[in-house]
2 protein chains.
Amino acid sequence: MDETKNTPTGQVPTLADVAQAAGVSTATVSRCLNLPDQVTEKTMRRVMEAVDRLGYSPNYSARALAANRTNTIGAIIPTMENAIFARGLQAFQEELHQSGCTLLVASSSYEEDLEEEQIKTLTARGADALLLIGYHRKPRVYEFLEKRKIPTLVAWAFDPEVSRLAVGFNNRAAMHELADIVMAAGHKQIGCISADTLSNDRARERALGIRDAMSAAGLDPSTLRMVETTYSIENGETAFHELMAHPEPPTVVMCGNDVLAVGALRAAAAMNLRVPEDVAITGFDDIELASVAPVPLTTVHVPHRRMGQFAAQALLDELNGKKPDSIELPTAIYRRSSF
Amino acid sequence: MDETKNTPTGQVPTLADVAQAAGVSTATVSRCLNLPDQVTEKTMRRVMEAVDRLGYSPNYSARALAANRTNTIGAIIPTMENAIFARGLQAFQEELHQSGCTLLVASSSYEEDLEEEQIKTLTARGADALLLIGYHRKPRVYEFLEKRKIPTLVAWAFDPEVSRLAVGFNNRAAMHELADIVMAAGHKQIGCISADTLSNDRARERALGIRDAMSAAGLDPSTLRMVETTYSIENGETAFHELMAHPEPPTVVMCGNDVLAVGALRAAAAMNLRVPEDVAITGFDDIELASVAPVPLTTVHVPHRRMGQFAAQALLDELNGKKPDSIELPTAIYRRSSF
DNA sequence: TTGTACGCGTTATCAG
DNA sequence: CTGATAACGCGTACAA
């Protein structure tokens, strides 16, 4: 007989086991764990001793059911394979962990319908709050979230016109700023390789930023030559070839993200084009790839980690009734060699 | 009065609400959702109609409590900022999603104690199974997992000597193979930049692989000059400088991963050393960085995505009582320019 | 095939 | 400060 453990079976100990072992009620044990200062120091000691001895740890499903709170926060991102999301999510998770919250992750693969499904799944799983990327989604999705009263935060984008809680940056303004510099250097034929602008509002805003700058500089924005493609180095290469096949090829190719830009870089090398002498190339995001690339990329630096941290804080505040404000994070142009 | 919805309040509808709306018992509704073929097609229709009408979705906490299964699988990785884990985890999540499982993510920051804490957290949260990276952890952790009967899988490593369920590759053998080729090219002074070998068994095995090869080639493994440092390009640079400061510097620097190797590459460039003429450099993992680097890296390719997929399958099988086998994935040497 | 009723492990209310 | 005890929403024997 093992006298050191009085859980009858080899089962996982429950609150009741601890209560019995400590000679108190389950209510008291629960209080020791959740409201430590409503309990005598003496009973606290007795209870904690029993907790340790039995190796008790609370069943979160039961707790969630009773308290109607899971201490779990969901994040739905396009894909973790994109370093910007991996990095931000890592910071997000670390921050949550400090507050005893756990992260539930789902990915949308940049597909609107899949995102909607994942939102339903994560809320059904009891996520107390949700981190979503960008603003773009069907109204019915927002309605669902509101009806369910799930605190939701939009990250990786910040639109001053929208009142929704967000922690991000102004994609349009950032790209506008970069385009200003590009045009100040005399470029007039501008090409753009972008992610899909239909369902990806960050991509859309970035492209608009270029057009804004063109207009401001007295150029016709409709002369912007755009190729849309999905996220990969190879697709960046293909798009670059397409752009340069034009009789009057662009003198600068502004890419919607660093990965596409690296593809462009590679294609340029294959075509024996010097960068930036023959054609300039710019990126966006400033992931590691940007600085390591054969021709270090001029790009827009985005503070992904801080974004993740702030997003976690905001959501946590919201859950504690603190009414957080949206946060616009600054971006910065990192001028390297590709332009 | 809203006749289309008979949930009394604006609350989230429950099984009971659906049952009432469909004029059946809660048991029947539950069956419709979980055991569809134990129910008449007619009642099924009635019930599903009510489900749709009320917008019902099950409360997973309650379900978990009652069924003692959460359909949630936990993964604890060092960090998502490391592309190898981000990629594998993405594939892992996609695979889980296909089977209706959700992913709970926690990170250990390469810290053994933090990993232990996260294991406790995720099991308390009711993870049905766990994905862990590498074999190295305290015996008490494995004991805990066994006592709790949590199916656990080790990934990113495969040791034929250990019977534990694993989906990974033989780090030691892979590095051995690369070292063989390096030495066949005549290198005798070998340097190594490695991650911490104390608590990181993948790093340890890779270093051992080099030593194995040295012994096999008649070289004294104790002449291997090792520098251990943590994961970052900057640390790779520092370590490279350290290695090359030696009076008889190595002619080849074998790095434990691509990120450190890129750091070495950068340091070499800063020292005006040509790669591979003056000093050869190798990596491990074959992340994007490896092929994009100024001097494309010779490295060991690892099928990270497939590893994630297979890991998910194995864990899912285990949960369904299918007794999966461990899987050793092949790696391949990708010979590029850095050696 | 369907319904009844109990139990899952906690939290929280209300007396004591 | 502490102890009963009723929810919480669902799964599942067992009975019909």
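Fair warning: this is a prediction, and the values are worked out from it, not measured in the lab.
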*Below 3.5 Å, does any donor atom in the side chain of B:Arg31 face an acceptor in the base of C:dG3, or the other way round?*
yes

*How would you label the contact of B:Ser30 with the nucleic acid (heavy atoms, under 4.0 Å): base, sugar-phosphate, or nothing?*
base

*asked:* If only side-chain N and O atoms count, and only distance matters, is there a donor-acceptor pair under 3.5 Å linking A:Thr102 with B:Arg125?
replied: yes

*Between A:Gln93 and B:Ser107, do the side chains contain an N or O donor and an N or O acceptor separated by less than 3.5 Å?*
yes

*Looking only at side-chain N and O atoms, does A:Thr14 come under 4.0 Å of OP1 or OP2 in C:dG9?*
no

*Taking atom types as modelled, find out whether A:Thr43 and A:Arg31 have a side-chain donor-acceptor pair closer than 3.5 angstrom.*
no

*Using a 4.0 Å heavy-atom cut-off across all strands, classify B:Val24 as base, sugar-phosphate, or nothing.*
sugar-phosphate

*Could you pick out which residue, B:Ala67 or B:Ala27, lies toward the 5' side of DNA chain C when each is mapped onto its nearest nucleotide?*
B:Ala27

*From the options A:Asn71, A:Thr70, A:Thr72, select the one residue that forms a side chain to side chain donor-acceptor pair (under 3.5 Å) with A:Asp128.*
A:Thr70

*Whole-Å distance between D:dG9 C1' and B:Leu65 CG?*
9 Å

*Grab the OH-C1' distance between B:Tyr60 and C:dT10 for me, whole Å please.*
22 Å

*Respond yes when some side-chain nitrogen or oxygen of B:Thr26 is under 4.0 Å from OP1 or OP2 of D:dG9, and no when none is.*
no

*For B:Gln38 and D:dT12, give me the distance from atom CD to atom C1', rounded to whole Å.*
10 Å

_Nearest whole Å is fine: how far is D:dG9 P from B:Asp17 CG?_
9 Å

*To the nearest Å, how far apart are B:Asn34 CG and D:dG9 C1'?*
13 Å

*Give the rounded distance in Å between these two atoms: CZ of B:Arg69 and C1' of D:dC10.*
16 Å

*NA contact type, B:Ser61, heavy-atom cut-off 4.0 Å: base, sugar-phosphate, or nothing?*
nothing

*Report the distance from atom CG of B:Leu35 to atom P of D:dT12, rounded to the nearest whole Å.*
7 Å

_Does D:dT2 have OP1 or OP2 under 4.0 Å away from a side-chain N or O of A:Thr43?_
yes

_Strictly below 4.0 Å, N to O, side chains only: are A:Arg53 and A:Asp17 in salt-bridge contact?_
no

*Can a side chain N or O of B:Thr28 be found less than 4.0 Å away from OP1 or OP2 on C:dT2?*
no

*B:Tyr56 near the nucleic acid: base, sugar-phosphate alone, or nothing, with a heavy-atom cut-off under 4.0 Å?*
sugar-phosphate

*Report which part of the nucleic acid B:Leu15 touches: base, sugar-phosphate, or nothing (heavy-atom distance under 4.0 Å, all strands).*
sugar-phosphate

*Nearest-angstrom distance from the residue atom CG of A:Leu33 to P of C:dG9*: 16 Å

*So, is A:Arg63 close to the C:dG9 phosphate, meaning a side-chain N or O under 4.0 Å from OP1 or OP2?*
no

